[in-house]
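Comments concern the structure below.
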There are 2 protein chains.
Amino acid sequence: MHQNINMPIAEDGVRGRILDAAREEFSQRGFEASSVRAISDSASVTPAMINYYFGGKRALYEAVIVDAQARLHSRLGVAVADGPTAANLAGAYFDFLAEEPQMQRLLLREMLDGGVERFPELLRPLRALLTQHFGGDAGLQRALSLFGAIAGYFIYEPVLGELLGEDPLSSDALARRRSHIIALSKKIEEFES
Amino acid sequence: MHQNINMPIAEDGVRGRILDAAREEFSQRGFEASSVRAISDSASVTPAMINYYFGGKRALYEAVIVDAQARLHSRLGVAVADGPTAANLAGAYFDFLAEEPQMQRLLLREMLDGGVERFPELLRPLRALLTQHFGGDAGLQRALSLFGAIAGYFIYEPVLGELLGEDPLSSDALARRRSHIIALSKKIEEFES
DNA sequence: AACCGTTCTAAACAAGTGTTTAGACCGAAG
DNA sequence: CTTCGGTCTAAACACTTGTTTAGAACGGTT
């Protein structure tokens with residue numbers, strides 16, 4: 001379970017406080033529903049500072065996304081370096097979502113709101129990996145199932161609490177889920193569709 | 001591929017037009033980002049009519065959700081009647097999402113915005129089915145993988161176009177995906193985690 | 001014809017939105 | 001000390017939001 005890729009989630013100073021508050025607010029409420037004043041309040045800053053540092057609400061949002069995308073890519077990069085097996089890719093994706101559940105929400109919202117048009121770079125490396133290592137239609141079907149199974153856990157997370165009898169994001173539950181996913185990834189590789 | 005459950009998606013008259021426009025707008029933009037005026041315009045109606053018929057924006061949204069929830073439940077009901085196998089449940093869920101892609105977006109947004117607190121009835125039958133037919137932790141893990149794999153296809157749908165080389169919601173692509181899901185559901189049942 | 005409740009409209013309302021402005025503050029350089 | 005560029009604030013800006021209001025139009029009943 002890799003962590004501490006050298007791309008800190010936080011940043012010092014006012015700019016960093018704004019970025020942190022924005023990531024939290026955007027992931028919780030979505031872009032439109034988030035208010036600049038709520039973000040600035042939570043960062044202990046004047047609303048005008050957001051325009052001073054970022055140029056506007058939209059630009060701030062894009063900064064948050066680009067920030068997330070950089071961390072996802074770096075994570076996938078080291079996974080491929082470790083050997084581009086389905087299990088490694090699945091593990092890297094799982095860890096990314098597990099360690100930054102905010103990001104799962106944020107990326108999901110972005111996908112719902114803007115498709116993939118708005119940030120074409122966002123999933124490009126992921127797509128490249130998929131076509132490279134899960135070629136053909138059958139391979140693609142398997143990849144979709146695997147990555148869906150990974151994402152599904154975090155998407156349905158709010159509902160899973162009483163189903164699992166424990167916090168789905170607790171390290172115990174996550175470890176259990178992760179090992180199931182790894183096993184699934186191996187099982188799915190030898191699966192002819 | 002069942003369809004035409006006797007619960008029409010449309011309704012006649014002004015109230016029905018508003019409901020249709022609201023479902024479209026809410027699923028496309030989310031609750032907060034949707035504007036009452038946009039909905040009323042698209043329904044060829046005065047904004048005031050929304051309050052006249054529904055009592056407000058929030059109440060209109062709840063009407064849309066309750067409407068969706070009714071159709072989902074009825075769909076799961078007939079699947080269970082057909083025999084509560086994993087394949088039947090998976091197929092019913094797949095068909096619901098395939099035939100009403102709006103609903104996938106709407107339910108996903110609702111889950112992101114409000115967890116499950118806001119409409120506790122929404123996923124209750126689905127949860128009951130899960131605990132009933134996928135008992136124990138291992139069974140739950142399998143169910144999560146299966147339903148994640150189903151939902152994942154529709155969630156990532158905007159990205160899948162160029163990956164699949166065809167419209168992911170075309171009947172060909174859907175049929176191919178569905179048969180893979182059914183096969184997966186059978187494979188996953190005999191899978192010890 | 002006069003009355004009625006229902007349906008609908010146009011206009012206004014207060015509150016909140018993102019953004020801009022004018023200027024204060026402050027530490028460092030000349 | 002003065003000046004200057006960067007940082008920051010309070011107030012105002014124009015605009016959109018959801019909702020309310022007063023009343024018109026309509027169709028059916030007495």
Side-chain angles (χ1 to χ4, degrees), chain A residues 10-68 102 105-106 109-110 112-114 117-119, chain B residues 10-68 102 105-106 109-110 112-114 117-119:
Chain A
E11 197 178 319
D12 286 352
V14 174
R15 208 190 120 98
R17 286 212 314 275
I18 296 178
L19 214 50
D20 287 344
R23 177 172 36 244
E24 179 66 23
E25 175 85 0
F26 283 139
S27 76
Q28 220 73 23
R29 307 199 191 286
F31 174 75
E32 304 267 10
S34 295
S35 104
V36 167
R37 279 173 178 83
I39 295 174
S40 62
D41 279 3
S42 137
S44 305
V45 148
T46 307
M49 295 312 294
I50 285 177
N51 286 28
Y52 179 72
Y53 277 102
F54 294 90
K57 184 191 183 185
R58 175 110 246 150
L60 171 59
Y61 178 71
E62 291 177 7
V64 171
I65 293 275
V66 166
D67 193 51
Q102 287 178 327
R105 304 169 66 91
L106 200 70
R109 286 189 188 279
E110 177 54 29
L112 282 170
D113 290 341
E117 319 272 310
R118 232 150 43 176
F119 298 93
Chain B
E11 197 177 319
D12 285 352
V14 175
R15 207 190 119 99
R17 285 213 315 276
I18 296 177
L19 214 50
D20 287 344
R23 179 173 34 244
E24 179 65 23
E25 175 85 357
F26 284 140
S27 76
Q28 219 74 22
R29 308 199 191 286
F31 174 75
E32 304 267 10
S34 293
S35 104
V36 168
R37 279 174 177 83
I39 295 174
S40 63
D41 279 3
S42 137
S44 306
V45 149
T46 307
M49 295 313 293
I50 285 178
N51 287 25
Y52 179 74
Y53 277 102
F54 294 90
K57 184 190 182 185
R58 172 112 248 148
L60 171 58
Y61 178 71
E62 290 177 7
V64 170
I65 293 276
V66 165
D67 192 51
Q102 286 179 326
R105 304 168 67 90
L106 200 70
R109 286 190 189 278
E110 177 53 29
L112 280 170
D113 290 342
E117 320 272 309
R118 232 148 45 174
F119 297 93

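Bear in mind the structure is a predicted one, so any value in this text is a computation, not a measurement. First the proteins, then the strands, lettered A, B, ... as listed; each starts at 1.
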Gap between atoms NZ and P, on B:Lys57 and D:dT19 respectively (whole Å): 8 Å
side-chain contact (heavy atoms from CB on, under 4.5 Å) assessment of A:Gln102 paired with A:Arg23: CA-CA 8 Å; A:Gln102 287 178 327; A:Arg23 177 172 36 244; 3.4 Å; yes
C:dT7 phosphate, OP1 or OP2, under 4.0 Å from B:Tyr52 side-chain N/O: yes
Non-hydrogen atoms of A:Leu112 and B:Arg105 that approach each other most closely: O-NH2, 2.7 Å
Within residues 26-45 of chain B: residues closer than 4.0 Å to DNA chain C (heavy atoms): B:Arg37
Nearest-angstrom distance from the residue atom CZ of A:Arg17 to C1' of D:dT7: 12 Å
Sugar-phosphate, base or nothing in reach of A:Phe54, heavy atoms under 4.0 Å: nothing
Minimum side-chain heavy-atom gap A:Arg17-A:Val14 below 4.5 Å: yes
Rounded interatomic separation in angstrom, taking OH from B:Tyr61 and C1' from D:dG18: 17 Å
Cation-pi check, B:Arg58 onto B:Phe31 ring (under 6.0 Å, within 45° of axis): yes
Test item: A:Phe54 and A:Met49 side chains (from C-beta on) under 4.5 Å apart, heavy atoms: no
Least distance between heavy atoms, A:Glu32 atom then A:Lys57 atom: O-NZ, 3.4 Å
For atom OH of A:Tyr53 and atom P of C:dT19, their distance in whole Å: 18 Å
Annotated protein contacts, base or backbone, on nucleotides 20-27 of chain C with a non-hydrogen cut-off under 4.0 Å, one of B, S, - each: B-------
Nearest-angstrom distance from the residue atom CE of B:Met49 to C1' of D:dC26: 13 Å
Report, one line per pair, each donor and acceptor closer than 3.5 Å where one atom sits in a side chain of residues 33-47 of chain A; sequence neighbours left out.
| unit_1 | atom_1 | unit_2 | atom_2 | d |
| --- | --- | --- | --- | --- |
| A:Ser34 | OG | A:Glu25 | O | 3.2 |
| A:Ser34 | OG | A:Gly30 | O | 2.6 |
| A:Ser35 | OG | A:Arg37 | N | 3.3 |
| A:Ser35 | OG | A:Ala38 | N | 2.9 |
| A:Ser40 | OG | A:Val36 | O | 3.3 |
| A:Ser40 | OG | A:Arg37 | O | 2.9 |

Heavy-atom side-chain proximity of A:Glu110 to A:Tyr61 below 4.5 angstrom: yes
